[in-house]
Amino acid sequence: MSETPSFLRPFVLTPPARRHERVANLDWYVPDGDVPRPAVVLVHGGPLPDDLHPGPRDWPVYRGYGCLLADLGVLAVAVEHRMRVVDGPQGPATDCATAALDVAAAVDQVRADPRVDGERIALWFFSGGGLLSTDWLRDRPSWLRAVVLTYPLLAPLPGWGVDPRFAPGVALGEPGGAVPPLLLTRVGRERKEMAETVAAFLDAAGDAGVRVEVIDVPDGQHGFDMLDHTDESRRAVEQAADWVARRLAR
């Protein structure tokens with residue numbers, strides 16, 4: 001019998017089940033009630049292969065986050081973006097540019113929906129999707145109330161062939177308005193090369209005078225919210241979800 005792939009393992013929490021709406025590349029988790037709600041756009045990691053099945057929106061972890069946030073009164077939307085490895089001029093390259101366009105289009109659709117309060121939006125990036133936070137940390141629109149980063153990659157890894165514009169730490173130091181509130185969940189058993197990008201990001205934040213709230217999961221591994229079914233993991237996920245709900249309530 002083959003082992004269940006890590007991405008299909010259960011979410012560490014069991015929020016009340018909720019039906020979701022699937023429209024194009026977006027899955028919507030809508031709280032009860034008729035008033036416009038603040039919204040969180042969930043941005044999965046990558047790069048992923050073209051033929052991966054099921055796609056991230058059908059992974060228990062993202063369905064779990066969607067149900068959890070909706071139970072807290074926040075509309076959640078999981079976007080499936082196209083961060084893929086493509087043929088570039090110098091060889092294989094991770095196509096963050098196309099994925100960033102997918103995320104930007106999703107945000108526009110979410111903000112335009114009548115069920116959403118378009119002035120109260122948060123973006124939640126996971127794993128390799130952390131690179132896609134760059135444009136938002138640079139542009140800092142007034143309606144972006146929070147950015148959440150969970151076991152993120154925050155600088156391109158060697159050989160990824162990523163457009164150099166995708167550098168979240170660099171974006172923090174660029175001129176402009178105030179950086180939105182930042183929450184970073186860091187795992188103690190992270191891969192060394194990814195942990196180094198997180199450390200460099202936090203150093204850049206300190207240099208730029210930007211505060212980053214950190215949730216540490218000392219015994220957690222990359223993907224702890226589906227791999228490590230422990231009290232520590234459950235507390236970290238609950239704390240992150242409560243944090244973003246509170247920021248959006250203001």
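Hydrogens, waters and symmetry mates play no part in the numbers below; they use all other heavy atoms, side chains included.
Residues Pro56 and Phe7 fail the side-chain proximity criterion, which asks for heavy atoms closer than 4.5 Å. In this structure the side chain of Leu157 never reaches within 4.5 angstrom of the side chain of Val162, judged on heavy atoms. Annotation: side chain of Ser127 is not in contact with side chain of Leu153 (no heavy-atom distance under 4.5 Å). At least one side-chain heavy atom of Ser133 sits under 4.5 Å from a side-chain heavy atom of Leu149. With contacts defined as side-chain heavy-atom distances shorter than 4.5 Å, the pair Trp28/Asp113 qualifies. Counting heavy atoms from C-beta on, the side chains of Gln221 and Glu190 never come closer than 4.5 Å. Side-chain contact between Met83 and Cys96: present, with at least one pair of heavy atoms (C-beta onward) separated by less than 4.5 Å. Inter-residue side-chain proximity for Leu144 and Val107 is flagged as unmet; no heavy-atom pair is nearer than 4.5 Å.
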Step-by-step side-chain contact (heavy atoms from CB on, under 4.5 Å) determination, Val170 to Arg165: CA-CA 9 Å; Val170 173; Arg165 107 172 194 238; over 6 Å; no
side-chain contact (heavy atoms from CB on, under 4.5 Å) assessment of Arg120 paired with Trp143: CA-CA 5 Å; Arg120 291 188 292 161; Trp143 46 259; over 6 Å; no
Evaluation steps, side-chain contact (heavy atoms from CB on, under 4.5 Å), between Val187 and Met194: CA-CA 10 Å; Val187 293; Met194 294 193 70; over 6 Å; no
From CA spacing to verdict: salt bridge (charged side-chain N to carboxylate O under 4.0 Å, His left out), Arg22, Asp58: CA-CA 11 Å; Arg22 176 159 293 185; Asp58 288 320; 2.9 Å; yes
Distance-only criterion, 3.5 Å: show the donor-acceptor pairs between side-chain atoms of residues 33-46 and protein atoms not counting sequence neighbours.
unit_1, atom_1, unit_2, atom_2, d
Arg37, NH1, Gly73, O, 3.4
Arg37, NH2, Asp32, O, 2.5
His44, ND1, His81, NE2, 3.4
His44, NE2, His81, N, 3.2

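Checked for salt-bridge contact, Asp225 and Arg9 miss the test: no charged N lies under 4.0 Å from a carboxylate O. Salt bridge annotation for Arg189-Asp219: absent, with no cationic side-chain nitrogen under 4.0 angstrom from a carboxylate oxygen. The residues Glu119 and Arg111 are annotated as salt-bridged, a charged nitrogen and a carboxylate oxygen being separated by less than 4.0 angstrom. Ion pair Arg115/Glu21 flagged as a salt bridge, since at least one NZ, NE, NH1 or NH2 atom sits closer than 4.0 Å to an Asp/Glu carboxylate oxygen.
Applying the side chain to side chain donor-acceptor pair (under 3.5 Å) rule to pairs touching residues 71-80 yields Arg57-Glu80, sequence neighbours excluded. Residues in residues 86-105 take part in these salt bridge (charged side-chain N to carboxylate O under 4.0 Å, His left out) pairs, two or more places apart or across chains: Arg82-Asp102. The salt bridge (charged side-chain N to carboxylate O under 4.0 Å, His left out) pairs that include a residue from residues 232-245 are Asp231-Arg234, where partners are two or more places apart or lie in different chains. Applying the side chain to side chain donor-acceptor pair (under 3.5 Å) test to residues at least two apart or on different chains, none of the pairs has a partner in residues 199-211.
With sequence neighbours left out, the side chain to side chain contact (heavy atoms under 4.5 Å, CB included) criterion links Ala171 to Thr134, Leu137, Arg138. Taking Asp50 as the reference, Arg84 meet the side-chain hydrogen bond (donor to acceptor under 3.5 Å, both in side chains) condition, with sequence neighbours excluded. Partners of Tyr151 according to the ring-ring contact (aromatic ring centres under 6.0 Å, His included) rule, which considers only residues two or more places apart in sequence or in another chain, are His222, Phe224. With sequence neighbours excluded, the residues forming a side-chain hydrogen bond (donor to acceptor under 3.5 Å, both in side chains) with Glu196 are Lys192, listed by chain and number. Checked against side-chain hydrogen bond (donor to acceptor under 3.5 Å, both in side chains), Tyr62 has no partners two or more places apart in sequence or in another chain. Every side-chain hydrogen bond (donor to acceptor under 3.5 Å, both in side chains) that Thr150 has, sequence neighbours left out, goes to Trp124. Residues satisfying the ring-ring contact (aromatic ring centres under 6.0 Å, His included) criterion with Phe201, sequence neighbours excluded, are absent altogether.
Here the closest heavy-atom approach between residue Thr185 and residue Pro152 is recorded as O-CD, 3.8 Å. Residues Val116 and Ile121 come closest through the heavy atom pair CG1-CD1, 3.8 Å. Closest approach of Ala122 and Leu248 over heavy atoms only: N-CD2, 3.9 Å. Heavy atoms only, all atoms of each residue included: Ile215 and Ala240 are closest at CD1-N, 3.7 Å. Minimum interatomic distance between Asp135 and Ala100 (heavy atoms only, all atoms of both residues): OD2-CB, 4.2 Å. Annotation for His229 and Met226: closest pair NE2-O, 3.3 Å, computed over non-hydrogen atoms.
Val244 and Leu72 are assigned to two separate hydrophobic clusters, defined by single-linkage of ILVMFWY side chains at heavy-atom distances under 4.5 Å. With hydrophobic clusters built from ILVMFWY side chains whose heavy atoms lie under 4.5 angstrom apart, Val79 does not share a cluster with Leu68. Hydrophobic cluster membership is shared by Phe11 and Val148, with clusters built from Ile, Leu, Val, Met, Phe, Trp and Tyr side chains linked at under 4.5 angstrom. In the hydrophobic cluster analysis, where Ile, Leu, Val, Met, Phe, Trp and Tyr join through side-chain heavy atoms closer than 4.5 angstrom, Val147 is grouped together with Val103. No continuous path of ILVMFWY side-chain contacts below 4.5 Å connects Leu184 to Val237, so the two sit in separate hydrophobic clusters.
Side chain of Arg140 to main chain of Val179: no donor-acceptor pair is present (N/O by atom type, distance under 3.5 Å, no hydrogens or angles). The backbone N or O of Val30 lies less than 3.5 Å from a partner atom in the side chain of Arg18, making a donor-acceptor pair. Using a distance-only test at 3.5 Å, with no hydrogens or angles considered, no donor-acceptor pair links the side chain of Asp139 to the main chain of Pro141. The main-chain N or O of Asp228 is found under 3.5 Å from a side-chain atom of Ser233 such that the two form a donor-acceptor pair.
Here the options are Tyr29, Trp59, Phe125, Phe126, the test is ring-ring contact (aromatic ring centres under 6.0 Å, His included), and the partner is Tyr65; only Phe126 passes.
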